[in-house]
There are 2 protein chains.
Amino acid sequence: MKHDVSPDTIPPRGHEAKRASIMDAAGEVFCRESFAGANIDMIAAEAGVSRQTIYNHHGDKEKLFVAIVRDLTERCNAGIFATISTFPDQPKDLEADLIAFAVRMNRNCICSRDGKFLRKLIQAEGERYPELFAEWREQGPGRTWPAIAARFARLAHAGFLDIEDPDVAARQFQALANAELQTTFMLGGTPTDDEVLQSATHGVRTFLRAFAKRQPAADAQKHSALAGA
Amino acid sequence: MKHDVSPDTIPPRGHEAKRASIMDAAGEVFCRESFAGANIDMIAAEAGVSRQTIYNHHGDKEKLFVAIVRDLTERCNAGIFATISTFPDQPKDLEADLIAFAVRMNRNCICSRDGKFLRKLIQAEGERYPELFAEWREQGPGRTWPAIAARFARLAHAGFLDIEDPDVAARQFQALANAELQTTFMLGGTPTDDEVLQSATHGVRTFLRAFAKRQPAADAQKHSALAGA
DNA sequence: GACGAATTAGACAAGAGTGTCTAAATTTGT
DNA sequence: ACAAATTTAGACACTCTTGTCTAATTCGTC
């Protein structure tokens with residue numbers, strides 16, 4: 001009967017578009033109204049889709065919510081790893097390169113739509129879905145922090161920095177780069193490009209005052225660091 | 001007729017106890033379930049009070065919520081200012097004293113029941129009550145950050161630190177002291193005393209690497225910069 | 001112990017939201 | 001253009017919640 005035995009289910013073209021539209025709208029609404037405050041009609045309206053379609057795709061409100069969180073976690077992780085891969089391993093201008101990296105991290109991962117949504121959902125509903133957010137913790141922070149720490153360790157090993165504990169340094173780097181954005185984050189706002197740059201600049205300067213290699217011991221005649229072999 | 005013309009209304013003894021009990025329970029429940037997810041019966045049960053009593057005291061759910069946030073804001077501010085007043089103006093051991101201060105700040109203000117609740121309510125509902133949280137912003141961060149910055153400025157002026165911008169330094173101090181607690185905060189957890197101490201210790205050490213006064217100017221012949229006049 | 005105020009349990013109407021169902025309309029692949 | 005699958009609007013039963021009301025009870029004070 002079925003000549004299309006291939007991948008079992010061959011969803012129509014528009015199907016995936018609807019799905020994506022629902023995910024988008026649901027993220028927005030759950031984030032704005034919290035799980036309990038969100039209602040399906042709101043999401044349907046925002047997605048430009050009928051309520052029934054949402055039930056067809058996701059079953060019920062809770063399953064939809066879980067799908068959203070999983071989706072955001074995945075996308076954010078991808079973004080973070082992509083950004084980590086731009087870490088300045090061989091910096092020409094250490095300060096400028098680290099500032100640029102911090103700005104990228106903030107703009108692409110922390111202030112992005114996905115980053116903001118995921119953060120808020122975790123804060124708001126984390127305690128209610130322990131397994132779901134344990135999963136996030138393992139897949140997210142559990143994998144990204146070591147990756148960032150490894151980059152700093154390499155930078156230190158190459159003689160650019162003077163770091164004892166790369167894990168601590170990585171967390172402090174991020175904390176410093178965000179130091180001036182906390183209040184804005186608290187209220188769900190999105191800092192301007194200028195605020196991000198300011199905070200990153202101040203943060204990286206302090207970071208380097210703490211961790212920059214001290215005068216290269218060897219032939220320190222002026223105060224310029226003659227690195228490299 | 002009334003010999004007790006004094007403060008007009010003389011509420012019975014138990015009245016205030018009930019009021020406090022309601023505030024406690026409501027804070028807990030709003031925080032755990034979010035505004036939309038909380039229901040009055042839950043709060044009544046947790047407060048050991050009948051539903052009607054809550055309506056007698058506060059009118060409706062929204063007024064109750066606003067009262068909670070105002071109350072938490074006030075209490076947290078009081079705690080923060082009390083803690084700021086223990087800032088080490090004349091440190092005997094700069095590192096140890098700053099670590100102790102950071103720990104106090106974290107334990108009494110950030111990790112405390114009130115601090116945790118206020119933070120969560122602001123994050124979850126901030127966008128829905130712009131005026132209420134604008135008020136918080138003015139009364140809270142708007143007054144506490146300058147106060148902390150002033151203490152750091154004084155410490156720098158007294159020759160203990162080398163700081164250009166005390167406002168930036170104050171924010172970075174706090175960011176560093178909390179750097180290792182972020183993930184825990186995210187999920188609504190309360191870090192152990194040990195974690196708080198760890199994070200504060202690492203944070204303050206980095207802070208001092210960045211801002212401690214360089215070799216006391218006097219007998220600097222090797223590679224220290226002879227600043228000052 | 002008696003009075004007045006506050007609290008209580010329970011019923012109640014009104015409204016809102018979830019999830020199901022149906023029949024009609026639309027879209028997709030061929 | 002046809003057949004199958006998907007989407008749609010609307011009605012629906014059901015549950016939950018808010019906020020009000022009443023009558024009985026408890027509490028604090030004298």
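Every chain is numbered from 1, with letters handed out A, B, ... down the list of sequences.
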Spacing of [X] atom [atom1] relative to [N] atom [atom2], expressed in whole Å:
X     : N      : atom1 : atom2 : result
B:E33 : D:dT17 : CD    : P     : 10 Å
A:E16 : D:dT7  : CD    : P     : 10 Å
B:I54 : C:dA6  : CD1   : P     : 17 Å

B:F133 vs B:F65 aromatic rings, parallel, tilted or perpendicular, using cut-offs 30° and 60°?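 Judged by the thresholds at 30° and 60°, the geometry between B:F133 and B:F65 is tilted.
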Fit a plane to each ring of A:F173 and A:F207, take the angle between them on a 0 to 90° scale, and name the class: parallel (under 30°), tilted (30 to 60°) or perpendicular (over 60°).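 The arrangement is perpendicular - the two ring planes meet at more than 60°.
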Taking the six-membered ring for Trp, are the ring centroids of B:F117 and B:F30 within less than 6.0 Å of each other?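 No, the ring of B:F117 stays outside the 6.0 Å limit from the ring of B:F30, centre to centre.
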Any side-chain N or O of [X] below 4.0 angstrom from OP1/OP2 of [N]?
X     : N     : value
B:H57 : C:dT7 : yes
A:S50 : D:dT7 : no
A:K18 : D:dT8 : yes
B:T53 : C:dA6 : no

Distance check, rounded to the nearest 0.5 Å: [X] atom [atom1] versus [Y] atom [atom2]?
X      : Y      : atom1 : atom2 : result
B:R128 : A:E33  : CZ    : CD    : 5.0 Å
A:L121 : A:T73  : CG    : OG1   : 9.0 Å
B:Q139 : B:T144 : CD    : OG1   : 10.5 Å

Given the rule that a pair is Watson-Crick or G-U wobble with both distances under 3.5 Å, how would you write DNA chain D in dot-bracket, using | for pairs to a different strand? ||||||||||||||||||||||||||||||
Could you encode protein contacts along nucleotides 13-26 of chain C as a string, one character per nucleotide from 5' to 3', using B for base contact, S for sugar-phosphate-only contact and - for no contact, with a heavy-atom cut-off of under 4.0 Å? ----SSBBB-----
For a 4.5 angstrom cut-off between non-hydrogen side-chain atoms, does B:L155 reach B:P91?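 Contact flag for B:L155/B:P91 side chains = yes.
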Cation-pi check, B:R119 onto B:F185 ring (under 6.0 Å, within 45° of axis):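 Ring-cation test returns yes.
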